[in-house]
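To start, the structure under review is shown below, and the notes come after it.
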Amino acid sequence: MVDSSPNNLFENRKKNNSINVTRGHITENGFPLGTWVKYQRHTYSLGNIQKYHLERFKKLEKIGFIWNWEEYAWERGYQKTLKYKKKHG
């Protein structure tokens with residue numbers, strides 16, 4: 001069986017210009033991509049990363065995978081706030 005999970009993630013990125021999907025996202029071919037992404041984040045958050053996980057995680061990072069969505073959203077909001085302050089004082 002070929003693991004098509006990363007391929008599904010890459011296809012979603014090409015189609016929607018994003019690899020961030022909702023938890024319930026299912027691809028056109030029926031793959032539960034949202035569940036797969038949630039599992040990757042959960043495995044990463046455990047911190048007990050084995051060598052085979054590390055190699056897989058590096059692949060995800062190369063395509064811009066966000067490990068902590070809350071941290072990413074906060075940082076994005078903060079950067080927009082800085083930009084606003086610079087423009088408007």
Side-chain angles (χ1 to χ4, degrees):
M1 181 174 160
V2 175
D3 182 6
S4 63
S5 308
N7 290 336
N8 281 302
L9 194 60
F10 184 72
E11 288 301 317
N12 189 75
R13 180 180 178 197
K14 286 190 335 190
K15 182 177 180 182
N16 300 312
N17 198 28
S18 175
I19 60 170
N20 295 309
V21 295
T22 62
R23 288 184 183 152
H25 183 82
I26 297 177
T27 65
E28 292 175 2
N29 64 358
F31 183 79
L33 185 58
T35 301
W36 185 84
V37 165
K38 180 181 174 187
Y39 177 77
Q40 301 313 306
R41 287 184 175 134
H42 174 73
T43 302
Y44 184 84
S45 73
L46 295 175
N48 185 14
I49 301 169
Q50 313 236 336
K51 183 179 179 178
Y52 69 92
H53 284 131
L54 184 59
E55 292 170 8
R56 291 176 176 180
F57 293 158
K58 285 180 181 179
K59 287 181 181 180
L60 291 173
E61 287 173 352
K62 283 183 181 179
I63 62 169
F65 192 84
I66 298 167
W67 294 110
N68 185 320
W69 181 249
E70 290 81 13
E71 183 178 316
Y72 171 79
W74 187 92
E75 184 63 34
R76 197 168 114 197
Y78 177 71
Q79 293 301 322
K80 289 182 184 253
T81 302
L82 288 177
K83 187 177 179 180
Y84 179 87
K85 183 179 186 310
K86 184 177 180 180
K87 184 176 179 180
H88 301 286

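Residue numbers count from 1 along this sequence.
- Between W69 and Y72, the distance from one ring center to the other falls under 6.0 angstrom.
- From R41, atom CZ reaches atom CH2 of W36 across 10.0 Å, with rounding to the nearest 0.5 Å.
- Each of H53, K51, K59 was compared with E55 under the side chain to side chain contact (heavy atoms under 4.5 Å, CB included) criterion, and only K51 meets it.
- Criterion: ILVMFWY side-chain heavy atoms under 4.5 Å apart, direct or through other members. Under it, L54 and L46 are not part of a common hydrophobic cluster.
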Side chain to side chain contact (heavy atoms under 4.5 Å, CB included) assessment of T35 paired with Y39: CA-CA 6 Å; T35 301; Y39 177 77; 5.7 Å; no
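- Environment of CD in E71: sparse, with no more than 12 heavy atoms of neighbouring residues, nucleotides or ligands closer than 6.0 Å.
- Between the OH atom in Y78 and the NZ atom in K83 there is a gap of 15.5 Å [rounded to 0.5 Å].
- A distance of 9.0 Å separates CD in Q79 from OG1 in T81, rounded to the nearest 0.5 Å.
- Here the closest heavy-atom approach between residue Q40 and residue W67 is recorded as O-CZ3, 3.6 Å.
- Between V21 and the options I26, V37, T27, a side chain to side chain contact (heavy atoms under 4.5 Å, CB included) holds for only V37.
- With a 6.0 Å cutoff to the six-membered ring centre and a 45° limit on the axis angle, R56 does not count as a cation-pi contact of Y44.
- Here the CD1 atom belonging to I66 is positioned 11.5 Å from the CD atom belonging to E75, to the nearest 0.5 angstrom.
- Between H88 and Y84, the ring planes are tilted. Angles from 30° to 60° get that label.
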